[in-house]
Amino acid sequence: MTTPQQSPALDPEESPGTGAAPESAAPDRDFPMRRGCPFAAPAEYAALRTDDPVARVTLPTKKEAWVVTRYDDVRELLSDPRISADIRRPNFPALGEGEQEAGAKFRPFIRTDAPEHTKYRRMLLPVFTVRRVRAMRPAVQARVDEILDGLLAAGGPVDLVPAYANAVSTSVICELLGIPGENLEFFRDVTRISGSRHSTAAQVSEALGGLFGLLAEVVAARRREPRDDLISKLVTEHLVTGEVTTEQLLSTLAITINAGRETTTSMIALSTYLLLDRPELLEELRADPSLMPAAVDEFLRVLSVADSIPLRVAAEDIDLSGRTVPADDGVIALLAGANHDPEQFDDPERVDFHRTDNHHVAFGYGVHQCVGQHLARLELEAALETLIRRVPTLRLAGSGNDVTVKHDSATFGLDELKVTW
Ligand code: HEM
């Protein structure tokens with residue numbers, strides 16, 4: 001369910017540190033907290049960072065967990081070998097019942113620990129190196145241009161979320177994997193259902209089952225006749241050799257699609273919205289396109305769309321900022337908390353394309369750090385650079401008040417962004 005979003009201009013960044021100091025370990029604090037402004041972390045994070053940096057919260061599932069908001073603590077936690085990402089642990093802090101049950105059933109490697117996790121991660125890493133991704137640039141650019149050609153030919157106003165953001169992210173990942181004639185809405189629905197906090201286990205299972213079915217057909221076809229794509233490579237090098245089962249391969253492919261699509265879609269849409277809301281930033285980028293790589297990293301930091309993706313359980317007692325997360329308790333490393341920590345980022349709410357040492361954690365940290373981050377950066381650079389260059393009159397359609405924000409899904413983002421030109 002979405003809620004109407006006020007224009008960020010009417011709803012300025014909520015001032016940090018104004019909340020009353022929360023009582024330590026009080027389980028009456030609900031998580032997730034809502035963003036007042038789509039371009040900032042929830043206002044409560046600033047108060048937590050100062051007053052209760054390792055805070056007890058109640059999740060939508062009624063379970064309790066800890067949330068960590070300081071940059072140093074988030075990095076320490078995510079690189080601590082005593083932390084587990086195993087979704088089968090009873091106190092795993094899933095934000096929806098559906099996610100927990102379906103995760104335990106399908107076992108996506110993002111929610112597993114070594115040695116299992118290491119095995120699948122190593123299968124994917126060679127495909128997503130800087131060098132391999134650089135070689136994909138012409139193909140990604142061609143896709144972006146093709147999608148924009150179609151959009152411009154059809155004319156505005158248009159909802160940029162499905163027509164551009166989702167189209168770019170889905171077609172790039174499908175092309176890389178070798179999934180032919182991709183159905184953009186099908187993939188969007190799978191992620192919408194599997195990533196929603198309100199989905200039941202049956203709904204998540206059904207959505208993922210549909211995705212597994214489609215992937216199983218492609219895997220079988222590539223087994224018969226390999227091509228020059230990622231699925232063929234994984235089939236030839238890991239499935240045929242008996243290193244992984246078909247089910248394990250399907251699960252790895254499914255999480256790669258799910259993790260890569262939704263986050264990138266959200267980032268393209270939200271970054272565009274931010275640029276349209278702050279014309280001085282748009283002008284700066286138009287005047288000097290060489291700023292784009294730095295701008296993308298700044299958007300990643302400020303927007304932190306994967307804020308509450310790093311869900312963990314403490315396998316042993318873990319001390320952080322003078323507090324102990326007891327063994328077997330769930331804990332969430334809040335990436336938006338870390339990325340807006342003034343101890344690490346000077347004036348963190350300012351969007352600054354000239355920031356030096358922008359060591360944000362938008363892609364996580366430690367052993368689960370995003371496998372697809374180089375590809376994500378490439379997609380964002382191509383999608384944003386092309387859009388602002390080729391559509392100089394791009395603007396919000398109507399009053400701009402009908403932009404809708406997704407508050408209920410694993411990845412923060414927009415449901416709708418109507419634009420015209
Ligand atoms: C802007 C876009 C993206 C953002 C913000 C993002 C963010 C993240 C984050 C925060 C994690 C770590 C989760 C954790 O610690 O539990 C992660 C993991 C992952 N991401 Fe991304 N991601 C993006 C794009 C992509 C793309 C394009 C792909 C692939 C095509 C991808 C594939 C993955 C995979 C497979 C993992 C699991 C890694 C592991 O567990 O070892 N992501 N991503």
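Below, each value reflects all heavy atoms present in this structure, side chains not excepted, and no hydrogens, waters or symmetry copies. Numbering of ligands and ligand atoms starts at 1, following listing order.
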For this session: Specify whether H368 and H117 have parallel, tilted or perpendicular ring planes, treating 30° as the upper limit for parallel and 60° as the lower limit for perpendicular.
Result: tilted
For this session: For the residue pair F109 and Y120, categorise the inter-ring angle as parallel (less than 30°), tilted (30 to 60°) or perpendicular (more than 60°).
Result: tilted
Would you call [X] a ligand 1 contact, heavy-atom distance under 4.0 Å?
| X | answer |
| --- | --- |
| L300 | yes |
| T264 | yes |
| T112 | no |

Exercise. On the ring face of F92, is R111 found with NZ or CZ under 6.0 Å from the centre and within 45° of the axis?
Worked result: no
Exercise. Within 45° of the six-membered ring axis of F412 and under 6.0 Å from that ring's centre, is NZ or CZ of R35 located there?
Worked result: yes
For ligand 1, which atoms, with element, lie under 4.0 Å from some heavy atom of [X]?
| X | answer |
| --- | --- |
| G372 | 26 (C), 27 (C), 28 (C), 29 (C), 31 (C), 32 (C) |
| A362 | 5 (C), 7 (C), 10 (C) |
| I309 | 13 (C), 16 (O) |
| A376 | 1 (C), 2 (C), 24 (C) |
| R312 | 14 (C), 15 (O), 16 (O) |
| G364 | 10 (C) |
| I173 | 30 (C) |
| H117 | 39 (C), 40 (O), 41 (O) |

Measure [X] to ligand 1 on non-hydrogen atoms and call it side chain, backbone, both or neither using the 4.0 Å cut-off.
| X | answer |
| --- | --- |
| R121 | side chain |
| R377 | neither |
| V367 | backbone |
| L176 | neither |
| Y365 | neither |

Exercise. Is it true that atom CD of E343 has more than 12 heavy atoms of other residues, nucleotides or ligands lying nearer than 6.0 Å?
Worked result: no
For this session: For residues Y71 and R75, determine if any side-chain heavy atom of one lies less than 4.5 Å from a side-chain heavy atom of the other.
Result: yes
For this session: Can you figure out which of Q373, E262, H368 has its heavy atom closest to atom 40 (O) of ligand 1?
Result: H368
For this session: Pick, from T118, T263, I257, I83, the option with the minimum heavy-atom distance to atom 2 (C) of ligand 1.
Result: T263
SB check [X] [Y] (cutoff 4.0 Å):
| X | Y | value |
| --- | --- | --- |
| D80 | R312 | no |
| D189 | R192 | yes |
| R390 | D149 | yes |
| R286 | E283 | yes |
| D329 | R56 | yes |
| D72 | R70 | no |

Exercise. For atom 8 (C) of ligand 1, what is the nearest protein heavy atom, given as residue, atom name and distance?
Worked result: C370 CB, 3.7 Å
Exercise. Looking at atom 33 (C) of ligand 1, what's its closest protein heavy atom, distance included?
Worked result: A259 CB, 3.6 Å
